[in-house]
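Remember, predicted model here, so these are calculated numbers, not experimental data.
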Amino acid sequence: MTIMTKNTFWSLLMVLYLVVLARAIELTFELADNAKQCFYEEVDKDVEITLEYQVIAGGKYDVDVILEDPNGKPLYKQQKKQYDAYDHTTAVKGTYKFCFSNEFSTFAHKVVYFDFIEGEEDPFARDIGAHITVLTQLETSCVTIHEALKTVLDYQTHHRLREAKGRASAEGLNEKVQWWSLGEFVLVLGIGITQVLILRSFFTDRKQQQPTKI
């Protein structure tokens, strides 16, 4: 009973270590026209960071992106980009800033998704490989479950973004079809009214041209 409790404790500690080792900030937000939105993250030195983003709705699905280090030096800068991923190992400790800009657009709102990942699991994976002989079956199962859940989460995020982008395209197409149908209705109605007025004018002119009897 004591051995089982100890194994369970170390297994839970391992899972918590895996969770803390790699932190991620995931957010979907609306970026108005002529607007700029910035985010800040405190990162230690010699830490690998990853910035992934994608425009899922609005305009031509593009946005300006810039990532700066604590000294204000641009590490990554792209203009009118639809999606991308950037990896970088920090050289200094401090607050890193990344901004999304839609200032080049005058009327199109954008919906932007980004994932800022701080840290990696590779160092811990190497430690696991070095001490694989001392891992219990429960601890190994915990590591396998954690990796499987991380893969499932990545697939869910990917499919959720595709669904959101497809839904936005479908709603935009539906709106265009509605306006086109409304335009056709107004055009048909206008043609019908014009034909009635023209026919009435024919009969009115004919009645006025009849000779007057004395």
Side-chain angles (χ1 to χ4, degrees), residues 16-125 146-147 149-176:
L16 290 176
Y17 184 79
L18 282 169
V19 173
V20 173
L21 187 62
R23 296 187 302 168
I25 301 174
E26 188 177 356
L27 182 65
T28 301
F29 66 97
E30 182 176 353
L31 186 62
D33 55 288
N34 294 316
K36 182 178 180 179
Q37 185 72 40
C38 295
F39 301 88
Y40 303 85
E41 182 67 16
E42 187 76 19
V43 185
D44 292 331
K45 183 180 178 181
D46 297 328
V47 175
E48 184 176 347
I49 58 175
T50 301
L51 176 63
E52 299 179 0
Y53 64 90
Q54 179 177 349
V55 182
I56 59 178
K60 296 182 179 180
Y61 299 93
D62 53 355
V63 70
D64 294 344
V65 184
I66 184 171
L67 172 65
E68 298 179 352
D69 66 3
N71 299 323
K73 177 183 176 182
L75 302 175
Y76 171 84
K77 186 176 182 180
Q78 292 290 338
Q79 293 182 341
K80 296 184 178 181
K81 197 76 172 180
Q82 294 183 353
Y83 59 89
D84 200 6
Y86 174 73
D87 299 324
H88 176 74
T89 301
T90 59
V92 294
K93 178 181 179 180
T95 303
Y96 286 76
K97 179 176 74 171
F98 53 99
C99 301
F100 300 90
S101 175
N102 193 31
E103 294 175 326
F104 59 87
S105 179
T106 56
F107 61 88
H109 284 53
K110 309 289 177 62
V111 178
V112 183
Y113 161 85
F114 76 85
D115 188 8
F116 186 84
I117 305 172
E118 175 186 346
E120 59 176 349
E121 297 184 4
D122 292 340
F124 185 67
H146 171 77
E147 294 176 351
L149 289 176
K150 186 175 182 298
T151 303
V152 170
L153 181 62
D154 292 339
Y155 276 114
Q156 285 181 338
T157 301
H158 174 71
H159 288 294
R160 186 172 69 250
L161 291 177
R162 289 188 61 185
E163 186 274 335
K165 187 174 182 179
R167 184 177 66 251
S169 300
E171 291 177 352
L173 180 61
N174 181 59
E175 183 178 359
K176 292 178 181 178

Tyr76 and its ring-ring contact (aromatic ring centres under 6.0 Å, His included) partner, picked from Tyr86, Tyr96, Phe116, Phe98: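 The ring-ring contact (aromatic ring centres under 6.0 Å, His included) with Tyr76 is passed solely by Tyr86 among Tyr86, Tyr96, Phe116, Phe98.
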Nearest heavy-atom neighbours spanning Ile56 and Tyr61: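 Closest approach of Ile56 to Tyr61, heavy atoms only: O-CE2, 3.5 Å.
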Nearest atoms (heavy-atom pairs only) where Val55 meets Lys81: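 Taking Val55 first and Lys81 second, the nearest heavy atoms are CG2-O, 4.1 Å.
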Test side-chain contact (heavy atoms from CB on, under 4.5 Å) applied to Ile117 and Ile49, step by step: CA-CA 6 Å; Ile117 305 172; Ile49 58 175; over 6 Å; no
All side chain to side chain contact (heavy atoms under 4.5 Å, CB included) counterparts of [X], not counting sequence neighbours:
| X | value |
| --- | --- |
| Ala108 | Ser105, Lys110 |
| Leu27 | Phe29, Phe39, Phe114 |
| Glu103 | Lys36, Ser101 |
| Ala85 | Glu52 |

Gln82 atom CD, over 12 foreign heavy atoms within 6.0 Å: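 Yes, CD of Gln82 has more than 12 neighbouring heavy atoms, counting only those of other groups under 6.0 Å.
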Identify each donor-acceptor pair in which a side-chain atom of residues 68-75 lies under 3.5 Å from a protein atom, sequence neighbours left out, and give them as a table.
{"unit_1": "Asp69", "atom_1": "OD1", "unit_2": "Asn71", "atom_2": "N", "d": "3.1"}
{"unit_1": "Asp69", "atom_1": "OD1", "unit_2": "Gly72", "atom_2": "N", "d": "3.0"}
{"unit_1": "Asp69", "atom_1": "OD1", "unit_2": "Lys73", "atom_2": "N", "d": "2.6"}

Distance in Å, Phe107 CZ paired with Asn102 CG, rounded so as to fall on 0.5 Å steps: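 Answer for the CZ-CG pair, Phe107 versus Asn102, is 10.0 Å.
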Value rounded to 0.5 Å, distance of CG in Asp115 from OG1 in Thr50: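 OG1 of Thr50 is found 8.5 Å from CG of Asp115.
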Within the 4.5 Å heavy-atom criterion, are [X] and [Y] side-chain neighbours or not?
| X | Y | result |
| --- | --- | --- |
| Leu31 | Gln37 | yes |
| Asp64 | Lys80 | yes |
| Asp44 | Thr90 | no |
| Thr89 | Val47 | no |

Check against side-chain contact (heavy atoms from CB on, under 4.5 Å), Tyr53 and Phe100: CA-CA 10 Å; Tyr53 64 90; Phe100 300 90; 3.7 Å; yes
With Asp33 via side chain to side chain donor-acceptor pair (under 3.5 Å) - residues at least two apart: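 With sequence neighbours excluded, Asp33 shows a side chain to side chain donor-acceptor pair (under 3.5 Å) to His109, given in chain and number order.
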Audit row: Val92, Lys45, side-chain contact (heavy atoms from CB on, under 4.5 Å) steps and yes/no: CA-CA 5 Å; Val92 294; Lys45 183 180 178 181; 5.8 Å; no
Check against side-chain contact (heavy atoms from CB on, under 4.5 Å), Glu118 and Glu41: CA-CA 9 Å; Glu118 175 186 346; Glu41 182 67 16; 3.3 Å; yes
